[in-house]
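One structure below.
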Amino acid sequence: MCGIVGIVGKSNVNQALYDALTVLQHRGQDAAGIVTSHDGRLFLRKDNGLVRDVFHQRHMQRLVGHMGIGHVRYPTAGSSTSAEAQPFYVNSPYGITLAHNGNLTNVEQLAKEIYESDLRHVNTNSDSEVLLNVFAHELAQRGKLQPTEEDVFAAVTDVHNRCVGGYAVVAMITGYGIVGFRDPHGIRPIVFGQRHTDEGVEYMIASESVSLDVLGFTLIRDLAPGEAVYITEDGKLHTRQCALNPTLTPCIFEHVYLARPDSIIDGVSVYKARLRMGEKLAEKILRERPEHDIDVVIPIPDTSRTAALELANHLGVKFREGFVKNRYIGRTFIMPGQAARKKSVRQKLNAIELEFRGKNVMLVDDSIVRGTTCKQIIQMAREAGAKNVYFCSAAPAVRYPNVYGIDMPSAHELIAHNRSTQDVADLIGADWLIYQDLPDLIEAVGGGKIKIEQFDCAVFDGKYVTGDVDEAYLNKIEQARNDSSKIKTQAVSAIIDLYNN
């Protein structure tokens, strides 16, 4: 889960890229980077931290040029050193920079091919650098001094033939243009749009439509699975389907948790999808407990608020804000290490006792992953005087890890893995736990005006749409993703960064 943006403008794009990244900050809080192109030269700034901390005035002044790309990172398997902040750069051919959201499932094979056959060197553990080298190699195979759109699209076609997984990409070819492309399954989101200025038309590519809205761009559409868009430096737009058998199977967890509610993904309003999640949950509650004794519905801020509001409306129960959120604390889902997550919950939320005292409370969250956060929140509700605490998840039980760009933990860290709903309720301390049913979630997201037939629901059902994920692969990423290993890696990386600086 990362955020990407690319802009071809008519004047300096540094401020626009910065503003877009701040809007996409929810997609990654670990690192940020911007690279611009001016007169055949590249200007790069990237580092660990939030957008506001990485870019100061002195950095922005150096980021000149009317074409550039940006990235906010949320690390998946591997370290989170500043060396792996994006965009990445290779000098051949032409000088290419790339920013990537997603994860390649055949990265080990690709890394070997890059070294043995493509004769290229990869300097980090990031699959994004691998993807960049694959694209650069395929573009170099065209053998042109000046690449055309045909060359760019042919290179993207070869990338699709070699790379497996979920990926949305923006890449800048120095002095020529910016290309954006999406994996043949359309797992990760990417959109493009335009705005008219006195100097002419400007184009923007981004992870979510909300970043276009904020900057005054008009959404043209999502990139289709396997499709690429190429915008030349002088502002000409070209699109091409570059995959042989593309199939739209977007990640349904984008609608549950990752995306902002004011975004539109594959023609589906995230806000409306979450409203429908609330409706479906209300219908399930009325089926299972028509004589329920819920006094009040309280969302766990912020992602679940939309579903909780519609849930309360359909149940005819009061909706109340029972928790006050400290907005200067990051998203606990993103934080590495159980200790960090446990510590942050109490810093992040505080209960309003008035809304809990003597009441049967239904707490609503977008999902339950590790269970650490909701267990503490339920305890906070009891301490505030709740008589009974019920818990409702707008998503089904998360039982399997994600392999397409979300650092969802190993299976054994997932609280619902190999456990029943009652087992999970007992572990988190809820008097009653209700999960969304998967068919209802699919209907909620795909049942609007834009019909989507199939989603990547692997975290719920264990069915990985790329067809190459087996038990051996899952065991390998479990080793890479377990919290103790990750904390050790980050500690060593911090020492190295401190020494280097």
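Worth knowing before you read on, the calculation uses all heavy atoms, side chains too, and leaves out hydrogens, waters and symmetry mates. All values reported here derive from a predicted model rather than from experimental measurement.
- The nearest pair of heavy atoms linking V72 to L24 is CG2-O, 3.5 Å.
- Side-chain contact between I406 and V459: absent, with no pair of heavy atoms (C-beta onward) separated by less than 4.5 Å.
- Looking at E108 and K476, a side-chain N of the basic residue comes within less than 4.0 Å of a carboxylate O on the acidic one, giving a salt bridge.
- Under the rule for a side-chain contact (heavy atoms from CB on, under 4.5 Å), the partners of T22 that lie at least two apart in sequence or sit in another chain are Y18, V51.
- Within a 6.0 Å radius of NZ in K10, other residues, nucleotides and ligands contribute more than 12 heavy atoms.
- With sequence neighbours excluded, the residues forming a ring-ring contact (aromatic ring centres under 6.0 Å, His included) with Y167 are H160, listed by chain and number.
- Using a 4.5 Å heavy-atom threshold, the side chains of S263 and S209 count as touching.
- Legend: salt bridge (Lys or Arg N to Asp or Glu O under 4.0 Å) pairs involving residues 241-261, not counting sequence neighbours, sorted by first then second residue: R27-E254, R188-E254, R260-D262.
- In this structure, R195 pairs ionically with E202, as a charged nitrogen and a carboxylate oxygen lie closer than 4.0 Å.
- Under the side-chain contact (heavy atoms from CB on, under 4.5 Å) criterion, H56 pairs with R58, H59, not counting sequence neighbours.
- By the side-chain contact (heavy atoms from CB on, under 4.5 Å) test, D440 pairs with K280, R287, Q436, D437, sequence neighbours left out.
- With sequence neighbours excluded, no residue forms a salt bridge (Lys or Arg N to Asp or Glu O under 4.0 Å) with R52.
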Name the atoms and distances for all side-chain donor-acceptor pairs under 3.5 Å in residues 239-247, with sequence neighbours left out.
unit_1: R240; atom_1: NH1; unit_2: E150; atom_2: OE1; d: 3.2
unit_1: R240; atom_1: NH2; unit_2: E150; atom_2: OE2; d: 2.8
unit_1: Q241; atom_1: OE1; unit_2: A243; atom_2: N; d: 3.0
unit_1: Q241; atom_1: NE2; unit_2: P225; atom_2: O; d: 3.0

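- For residues 114-125, the pairs satisfying salt bridge (Lys or Arg N to Asp or Glu O under 4.0 Å) are D118-R162, with sequence neighbours left out.
- No side-chain heavy atom of L44 sits less than 4.5 Å from a side-chain heavy atom of T97.
- In this structure, H26 and E208 have side chains that are in contact, with non-hydrogen atoms separated by less than 4.5 Å.
- The heavy-atom pair separating Y400 from A458 by the smallest distance is CB-O, 3.4 Å.
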| message | I'd like to know whether Q25 forms a side-chain hydrogen bond (donor to acceptor under 3.5 Å, both in side chains) with Q29, so could you lay out the CA-CA distance, the side-chain angles of the two residues, the decisive distance to 0.1 Å, and finally the verdict. | response | CA-CA 6 Å; Q25 187 76 85; Q29 302 171 11; over 6 Å; no
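- With sequence neighbours left out, D19 forms a salt bridge (Lys or Arg N to Asp or Glu O under 4.0 Å) with no residue at all.
- The environment of OH in Y271 is sparse: at most 12 heavy-atom neighbours from other residues, nucleotides or ligands sit within 6.0 Å.
- The salt bridge (Lys or Arg N to Asp or Glu O under 4.0 Å) test applied to R221 returns E227, not counting sequence neighbours.
- Closest approach of Y404 to N402, counting heavy atoms only: N-OD1, 2.8 Å.
- Counting only heavy atoms from C-beta outward, the side chains of S37 and M172 approach each other to under 4.5 Å.
- The side chain to side chain donor-acceptor pair (under 3.5 Å) pairs that include a residue from residues 172-183 are R182-D266, where partners are two or more places apart or lie in different chains.
- Every residue was checked against the salt bridge (Lys or Arg N to Asp or Glu O under 4.0 Å) condition with D222, not counting sequence neighbours, and none meets it.
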